[in-house]
Amino acid sequence: MIYFVLRRSIFAVVLLLIVSAFTFVIFSALPSDPAALTCGKNCRPEVIESNRERLGYDRPLIEQYGSYMKGIFTGRTYGEEGSSIHCPAPSLGYSYDRHECVTSLIASTLPVTASIALGAFVLWMGIGVGLGTLAALKRGKWQDRVATAFSVIGVSLPTFFLGLIFIMVFVIWTGILPFPRYVGLTENPFDWFMALLLPWFVLAIISAATYVRMTRNGILEVMNEEFVRLGIAKGLSRRRLIVTYVLRAALVPIVTIAGLDFAFLLGGALVTESIFNLPGLGKLTLAAVVNSDLPILVATTMVAAVFIVVANTVVDILYGYLDPRVRAK
Amino acid sequence: MTLLSVQDLRVTFGTADGDVHAVKGVSFDVAAGETVAIVGESGSGKSVTANSLLRLNFGADVRTSGRILLEGRDVLAMSEDEVRAVRGRDVAMIFQDPLTALNPFYTVGRQIAEAYEVHHPGTSKKDLREIALDSLRKVGIPEPTKRVDQYPHEFSGGMRQRIVIAIALVNSPKILIADEPTTALDVTVQAQILELIAAMQQEHGSAVVLITHDLGVVAEITERVMVMYAGRVVESASVVDAFATPTHPYTRGLLKSVKSLDTGRHERLESIPGIPPSLIKLPSGCPFHPRCSFASSLGSRCSTEVPELRAVGSSSSACHLPNERLLDLLGGAHDR
Ligand SMILES: Nc1ncnc2c1ncn2[C@@H]1O[C@H](COP(=O)(O)OP(=O)(O)OP(=O)(O)O)[C@@H](O)[C@H]1O
Ligand SMILES: [Mg+2]
């Protein structure tokens with residue numbers, strides 16, 4: 001098992017190196033000139049050239065990648081003497097558009113996205129697995145039909161649409177909730193909670209739809225397994241059979257998919273953050289796209305990649321832990 | 001002493017294509033400690049009959065009628081809790097495929113212990129482990145102290161079937177139902193598993209209902225045979241009688257098919273011409289009549305009247321042929 005974890009972790013590190021190099025190359029290949037973006041519209045060519053030099057965009061790509069990677073571990077100083085800016089480690093670049101170190105931009109937006117993702121995840125797993133289990137156990141009855149209807153509607157609803165409906169119903173018409181204004185958890189937990197309630201539900205309902213179907217079908221499939229029949233033939237109670245045999249087996253694939261979905265969400269919930277005006281990674285990325293702010297785009301892409309690779313690794317290890325057959329390999 | 005008495009058992013599955021009459025009025029008794037075999041072609045209702053004994057036929061629309069008296073109590077009339085108490089304690093099952101019968105997520109030790117603990121709640125962890133170890137030892141798993149903490153996938157098919165047997169026997173059941181326990185195994189392992197079942201039966205004194213379509217298995221370890229055809233018992237006899245003096249044309253066909261196998265030719269189906277009937281639309285009269293070479297000799301009787309099981313010599317047979325003609329067939333069973 002230790003060997004298994006070690007091997008997976010080494011693999012993850014190698015994968016991240018490859019992904020980072022790839023991201024770097026792709027964004028460098030874009031037609032937009034990062035140096036030209038450092039000063040306004042009516043910029044003199046000399047300024048652009050001197051900025052290109054200051055930022056190192058004139059050097060070979062491999063060297064740029066080298067100093068970028070080095071910056072992650074040692075921090076990095078942009079420009080010379082008088083007008084230099086230092087971004088401490090881990091430095092992910094400097095945004096000329098915003099005049100800020102990218103790392104601090106990410107540090108301020110990541111908690112927002114993490115709050116959204118975590119709450120939505122808990123909710124959607126609860127709703128998805130709960131409703132899916134209910135549907136499977138009450139197969140063909142009204143509970144099953146309600147769950148199936150929920151799943152069909154949820155899958156086909158676009159996030160922005162559901163988000164707008166929620167705002168209309170809960171904020172504008174009934175006024176039950178204030179329009180979400182994000183407040184840090186440490187500042188005011190209650191306001192934090194109130195601001196995130198709607199986005200959590202929007203994301204949860206849409207993701208849960210898939211999980212209802214997955215859980216339901218997974219459970220029904222496991223129920224046909226021969227080992228479940230042997231469990232019944234042993235005289236296990238229905239409750240014990242469902243929990244220790246059926247759910248135990250059915251949840252293994254669901255847990256692994258959920259891990260990846262969660263990581264994906266951590267990379268930024270673009271639409272949800274925009275609709276509810278939440279200053280998270282998604283909004284940061286979106287703004288960077290609009291402004292062609294390459295340093296931010298490279299960084300957010302890498303952050304998202306890190307989440308996905310890490311989640312992949314965790315899920316793999318978890319899978320080995322949950323399924324003894326995988327562990328052996 | 002009659003331990004189990006099945007009376008006029010009927011099982012029908014409602015399906016999209018129509019009602020499947022899988023079992024159509026099966027009756028038999030099993031005495032304590034006795035070994036009974038149920039043989040018949042695929043689809044004849046053997047598994048459905050066996051599953052009924054523990055109410056293990058599942059599906060959206062399963063209709064079961066008749067009586068299954070276990071020491072006088074009707075299994076079919078029991079509450080869910082009562083059946084649960086019978087399952088694995090009074091009546092235990094061994095399934096056909098050991099590769100899928102064990103739960104892949106738990107160690108074999110835990111699965112054996114669980115089978116005991118269900119019916120003996122409150123047993124200490126330490127005792128349960130001892131019981132699991134002891135069970136593994138009894139069914140001949142080497143190095144039980146190491147193996148007890150391993151998962152099913154770490155065992156071979158034959159070893160897994162031994163573990164399934166250990167699970168079935170952990171409560172010393174009164175009846176052990178083995179549904180084709182060796183079909184999925186290597187030929188070399190089959191004999192070992194049968195020996196094990198026989199040995200365990202000796203030790204626990206359980207009655208065994210063995211389902212198989214391998215007549216070699218029947219001859220080896222059972223005392224009595226029931227031959228099923230299209231959901232009915234067509235012959236019931238001692239093993240000696242069934243082999244020496246089969247009284248139903250179908251039994252005779254089955255025996256012949258085995259014999260033609262002995263000659264090394266694969267003509268199993270050829271010796272009984274025709275195919276098993278559809279269980280949704282059974283032939284009228286005797287279900288075997290379209291495949292029976294004697295049917296025409298009785299005029300239209302075989303195609304209109306269902307034969308009841310009746311005594312023929314020391315056996316029972318469900319055939320319209322008069323006794324003396326059935327007994328005449330005896331010689332026929334031996335010529336090739
Ligand atoms: N749950 C079910 N729903 C519908 N039909 C079923 C069900 N279980 C069994 N049957 C049908 O009942 C008939 C008898 O099946 P059964 O499994 O008892 O045959 P068998 O004699 O055990 O055959 P085999 O030697 O292949 O195991 C078959 O036609 C089968 O398709
Ligand atoms: Mg069968």
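Since the model is a prediction, treat every value here as computed from it, not as a measurement. Below, chain A is the first sequence line, B the second, and so on; all start at residue 1.
- A donor-acceptor pair under 3.5 Å is formed between the side chain of B:Thr15 and the backbone N or O of B:Gly18.
- Ranking A:Ala249, A:Gly231, A:Gly140 against chain B, the residue ahead of the rest is A:Ala249, based on heavy-atom pairs under 4.5 Å.
- When heavy atoms are compared at a cutoff of 4.5 Å, B:Leu99 does not approach chain A at all.
- Taking B:Gly88, B:Ala168, B:Ala101 one by one and counting their heavy-atom pairs under 4.5 Å with chain A, the maximum is reached by B:Ala101.
- Classification of the A:Trp200-A:Phe193 ring pair by plane angle, with boundaries at 30° and 60°, yields perpendicular.
- Residues of residues 253-268 of chain A never come within less than 4.5 angstrom of chain B, heavy atom to heavy atom.
- Chosen from B:Tyr106, B:Phe95, B:Phe58, the residue pairing most often with chain A at heavy-atom distances under 4.5 Å is B:Phe95.
- Only the side chain of A:Arg240 comes within contact range of chain B, judged by heavy atoms closer than 4.5 Å.
- Between B:His120 and B:Tyr116, the two ring planes are parallel [angle under 30°; tilted spans 30° to 60°].
- Applying the salt bridge (Lys or Arg N to Asp or Glu O under 4.0 Å) test to residues at least two apart or on different chains, the pairs with a partner in residues 302-316 of chain A are A:Arg8-A:Asp316.
- Residues satisfying the salt bridge (Lys or Arg N to Asp or Glu O under 4.0 Å) test with A:Asp144, not counting sequence neighbours, are A:Arg216.
- Of the atoms belonging to B:Tyr151, it is side-chain heavy atoms, and not backbone ones, that fall under 4.5 Å from chain A.
- Electrostatic pairing of B:Arg129 and B:Asp149 counts as a salt bridge here, judged by a charged N lying under 4.0 Å from a carboxylate O.
- Only the side chain of B:Asn51 comes within contact range of chain A, with heavy atoms under 4.5 Å apart.
- Interface remark: B:Ala115 contributes backbone and side-chain atoms alike to the contact with chain A (heavy atom separation under 4.5 Å).
- Side-chain polar atoms of B:Asp19 and B:Thr12 form no donor-acceptor pair below 3.5 angstrom.
- Interface remark: A:Val228 contributes no atoms to any contact with chain B (heavy atom separation under 4.5 Å).
- Looking at B:Glu80, there are no atoms closer than 4.5 Å to chain A (heavy atoms on both sides), in backbone or side chain.
- Nearest heavy atoms, B:Met159 versus B:Pro142: CE-CD, 3.9 Å.
- Evaluation of the salt bridge (Lys or Arg N to Asp or Glu O under 4.0 Å) test over residues 223-234 of chain A, restricted to residues two or more places apart or in two chains, returns A:Glu226-A:Arg229, A:Lys234-B:Glu114.
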